[in-house]
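Along the sequence shown, residues are numbered consecutively beginning with 1.
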Amino acid sequence: MFSRLVFGLGLLSATALVHPALAADARTLQIIVSKDKQSLAVYDGTEVVATSKVSTGKDGHTTPSGIFSVLEKQKYHESNLYSNAPMPFMQRLTWSGIALHESNSVPRYPASHGCVRMPGAFAKMLYGMTDLSVPVIISDGELAPQPIDHPTLFHRQAPAAMPLLSDVELRPSMPDGLGEPVQVAMNDTAAMPMPAVPPIAAPEPEPSSEPISMLVTRRTLRETVIDIQTLLNQLGFSAGNPDGLLGPSTVQAIKAFKTLRPTEFAADRNLVSDTLLREVYTAAGKGEPPNGVIMVRQAFKPLFEAPVTIADPGLALGTHFFTLHAVDAKAGTADWLGITLENNLSRETMKRLGITNQESSIITGKPIARSLSRITIPDETRRKIDALIAPGSTLTISDTGLGRETGEGTDFITITRG
């Protein structure tokens, strides 16, 4: 246990607890803000290492709840929205204007224009503790990360054991000097045919030291169109670059594909539909189309995305966030921490996503385990991600997709309450 320094900053319980060893490159920190309690807690794993009072957004300028990360840091920043108001020790959470920053007015009730205000000494201290991509969870109620052990979560593969020689004859070898012969294992190539030499396997990808962020969500029109473009190109149709956009080349390829199958599309009046997706998958020999996707980013840039399958799609997955605290590659283990955020979906959203029951989006029972158990990730995708994970990697599970705040220069941002 590290020793702790106590700072009399008039903060939560009149103290802030801080590990002196924490540095800017500590990758397992996460920040959790409670709007109900107007408090902020910094966690290293499951341990609270710093606390503070805060002031979040007031009526008309509410601070959004959800899953964020630090996108930018500036020791001195002036607001672009509110008359160049000073925002010292600013840590940006969205490119639309939400941030953590120092303020002279932190009355411990909602008072800001949407940002999270912190007392000056604490804001300066927190600025020195964090690095870019540190997760920031803003919730109505208090949350705390808990250890999660589930087979759906990723872990480094333990190295394969070296094969042992068996059924081989020991023969004497020439010694390095005078003395008894040394027994070594050899195959009798004269007595048996030489076995075929197996092909040399491709080297495993180098383990990553940079955390990745992941999002598992339901497929949208964008992912469906990317699949259709990719498969139509493989089938010989010129659908253009798989970008998820219905450009002229893609539209022409879809129409050409449908023309060859008039019976299947006789009653289909939509350009892109479930029928089209199924028929393209069947023609390409790909089986049943997936209904989910996993997206992977690193250093705020997209790496790749791959299909996943979500069981019981009529039931909401809920909104869950996981951080990777530690990895033991030799043992093939990973220490994941998880939290569940309340995220009540509107009727319009449920209809759009095909959700008929959102019970699992409420924080009751074991929603994390239930949601993880419904997600199937292909083995090839799992091996690829297993090789990339590093301490500080994150995983979000959400019904609502990328969200309007996720974009260029961000991790995956999920808004649970605007």
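In this model, a donor atom of one side chain and an acceptor atom of the other lie less than 3.5 Å apart for S398 and T400. Under the 3.5 Å distance criterion, with hydrogens and angles disregarded, a donor-acceptor pair is assigned to the side chains of T56 and Q38. With hydrogens and angles left out, the side-chain atoms of N241 and Q229 include no donor and acceptor closer than 3.5 Å. Side-chain atoms of E279 and T282 include no donor-acceptor pair closer than 3.5 Å. Between the side chains of T130 and K73, at least one donor N or O lies within less than 3.5 Å of an accepting N or O. Side-chain polar atoms of S96 and T94 form a donor-acceptor pair below 3.5 angstrom. The closest side-chain donor-acceptor pair between H155 and T333, if any, does not fall under 3.5 angstrom. Side chains of S213 and D411: a donor on one and an acceptor on the other come within 3.5 Å.
Contact of the F89 side chain with the H101 side chain is not registered, since no non-hydrogen atoms from C-beta on lie closer than 4.5 Å.
With salt bridges taken as basic N to acidic carboxylate O contacts below 4.0 Å, none links D227 and K286. Using a 4.0 Å cut-off between charged nitrogen and carboxylate oxygen, R222 and E305 count as a salt-bridge pair. Look at D328 and R156 and you find no salt bridge, because none of the NZ, NE, NH1 or NH2 atoms lies under 4.0 Å from a carboxylate O.
A cation-pi arrangement is present between R261 and F257, with the terminal nitrogen or guanidinium carbon under 6.0 Å from the aromatic centre and inside a 45° cone about the axis. Both tests pass for K384 against the ring of F304: distance under 6.0 Å to the centre and angle within 45° of the axis.
Shortest non-hydrogen contact noted between T275 and E264 is CG2-O, 3.9 Å.
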